[in-house]
Structures are given as C-alpha cells and as structure tokens.
Amino acid sequence: EAGVVQSPRYKIIEKKQPVAFWCNPISGHNTLYWYLQNLGQGPELLIRYENEEAVDDSQLPKDRFSAERLKGVDSTLKIQPAELGDSAVYLCASSLGQETGELFFGEGSRLTVL
Amino acid sequence: QKEVEQNSGPLSVPEGAIASLNCTYSDRGSQSFFWYRQYSGKSPELIMSIYSNGDKEDGRFTAQLNKASQYVSLLIRDSQPSDSATYLCAVTVSSASKIIFGSGTRLSIRP
C-alpha cells in the first residue's frame with residue numbers, strides 16, 4: 001500500500017514569491033492534515049479536512065495561506081506571498097478518521113525562504 | 001501552560017539499558033494518547049497508541065498511561081543505537097477535537 005505522497009521535497013524561494021505544496025493521502029483515508037514543523041519543535045496543525053470539508057483551519061494564517069482538497073482526495077497548500085518566517089517543513093498526514101488519532105505522515109516539504 | 005509538555009532532552013542512555021520518556025498533558029478530557037518516533041530529517045511515524053489507564057506493551061516498547069495524574073510515558077527496553085531519535089507525544093484535545101503534539105524528547109543511545 002502506498003503511503004502519503006508529498007511534493008516537492010525541497011523548495012527554495014525568495015520572499016514575496018508564491019509556493020504550493022501537494023499531498024496525496026493513503027487511499028481510503030478520509031481525514032487529511034497539514035502540519036508545520038519548525039526545527040526542534042513538534043508538528044503544529046494548520047488545517048484538517050474531513051473529506052473535502054475543512055473542519056479545523058483555526059491555525060491557518062488566512063492572509064497568506066490557503067488550502068484546498070478537491071474531490072476529497074489530493075490536497076494543495078499555498079503560501080502567497082511567502083515570508084522569511086515561513087521557512088519550515090510542511091507535513092501532510094492522513095488517517096482513517098479523526099477519532100483514531102493514528103496519523104500517517106508524508107516525507108514532508110522543506111521550504112526555505114531567502 | 002502548554003497543552004502537551006515533554007522534556008526536550010537530550011536524554012542519553014547506554015545501549016542495553018531502559019530509556020524512559022515522559023509526557024504530561026493539560027486537558028483532563030483527553031482520551032487518546034500516542035507516541036511517534038522521528039529520525040533526523042524524516043517525518044514522524046507512529047510507534048504506540050494507548051487509550052486506557054495502565055500499561056500497553058509492544059515488543060521492546062511499553063506505553064504507560066495515568067489519567068488521574070495526566071501523565072503518559074514510553075519505556076524502551078534493551079535500548080539500541082537505532083532507537084536514537086526524537087520521540088513525540090501526541091494527545092487528543094477533547095474541547096477542540098484535535099491532536100496536539102509535544103515538542104519532543106531527543107533520545108541518544110550511546111554504545
């Protein structure tokens with residue numbers, strides 16, 4: 001069974017440029033999460049989807065971040081414009097449901113903003 | 001007070017010894033508790049989940065939960081160099097129906 005797939009693995013951009021990350025969850029997993037992880041810190045939730053509905057986006061900086069999950073499968077996280085402080089690893093995870101709490105993570109997308 | 005607290009370490013344990021990792025949480029309504037292992041430069045992977053008070057054993061790993069004390073721990077027996085990683089404690093927060101991660105404890109197993 002394929003795991004959670006993310007792309008790109010690495011991205012280097014200049015500040016004020018846009019960037020987008022893509023995630024394909026494990027087949028059959030209805031719940032999809034985007035987390036942000038800074039060095040030496042635990043993952044911090046940005047947004048959670050149940051199928052195509054964003055059910056928790058309270059931590060998503062909506063002035064510059066946006067996300068979508070069309071058809072309840074793949075998801076895209078976008079930052080526009082990027083700031084220096086956005087440099088981090090963006091992790092996508094999926095699970096059978098929020099109740100299980102057992103998350104399967106992708107390899108992450110490491111963003112460096114210069 | 002952070003919702004999930006862990007000692008950042010590093011925790012250094014000799015090979016073959018027992019490594020003990022601890023985590024406290026603030027939400028008394030939390031029902032689900034997880035330990036994830038994260039190797040340097042890699043993403044977290046689930047190693048243990050525990051839902052009721054007491055001990056849960058899986059191979060060399062034992063998770064312990066005490067809801068009255070709001071405390072969850074992970075014991076690693078016969079520690080191996082391959083156990084060197086950061087261990088993340090995660091807890092479901094009932095009020096917000098979300099999973100919160102601690103900042104992790106870095107474990108180093110010395111030969």
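The chains referred to below are lettered A, B, ... by the order of the sequence lines, with proteins before strands, and numbering in each begins at 1. Side chains are part of it too, since the values below use all heavy atoms of this structure and drop only hydrogens, waters and symmetry mates.
Contact annotation for A:Gln59: only side-chain heavy atoms (C-beta onward) come within less than 4.5 Å of a heavy atom of chain B. Of the two parts of B:Tyr36, only the side chain, counted from C-beta on, holds a non-hydrogen atom closer than 4.5 Å to a non-hydrogen atom of chain A. At a 4.5 Å heavy-atom cutoff, the contact between B:Gln38 and chain A is made by side-chain atoms alone. Of the atoms belonging to A:Phe104, not a single heavy atom falls under 4.5 Å from chain B. With a 4.5 Å cut-off on non-hydrogen atoms, A:Gln37 touches chain B through its side chain but not through its backbone.
Checked for salt-bridge contact, B:Arg60 and B:Asp83 meet the test: a charged N lies under 4.0 Å from a carboxylate O. The pair A:Arg64-A:Glu83 meets the salt-bridge criterion, since a charged nitrogen lies less than 4.0 angstrom from a carboxylate oxygen. Classification of B:Arg77 and B:Glu57 as a salt-bridged pair holds, one side-chain N sitting under 4.0 Å from a carboxylate O. Ion pairing of B:Arg110 with B:Glu15 is absent here, as no side-chain N (NZ or NE/NH1/NH2) approaches a carboxylate O to less than 4.0 Å.
Options B:Ala90, B:Gly41, B:Pro44 differ in how many heavy-atom pairs under 4.5 Å they form with chain A, and the most are formed by B:Pro44.
A side-chain hydrogen bond (donor to acceptor under 3.5 Å, both in side chains) with A:Tyr33 is found for one member of A:Ser95, A:Ser75, A:Ser94 and no other, namely A:Ser95.
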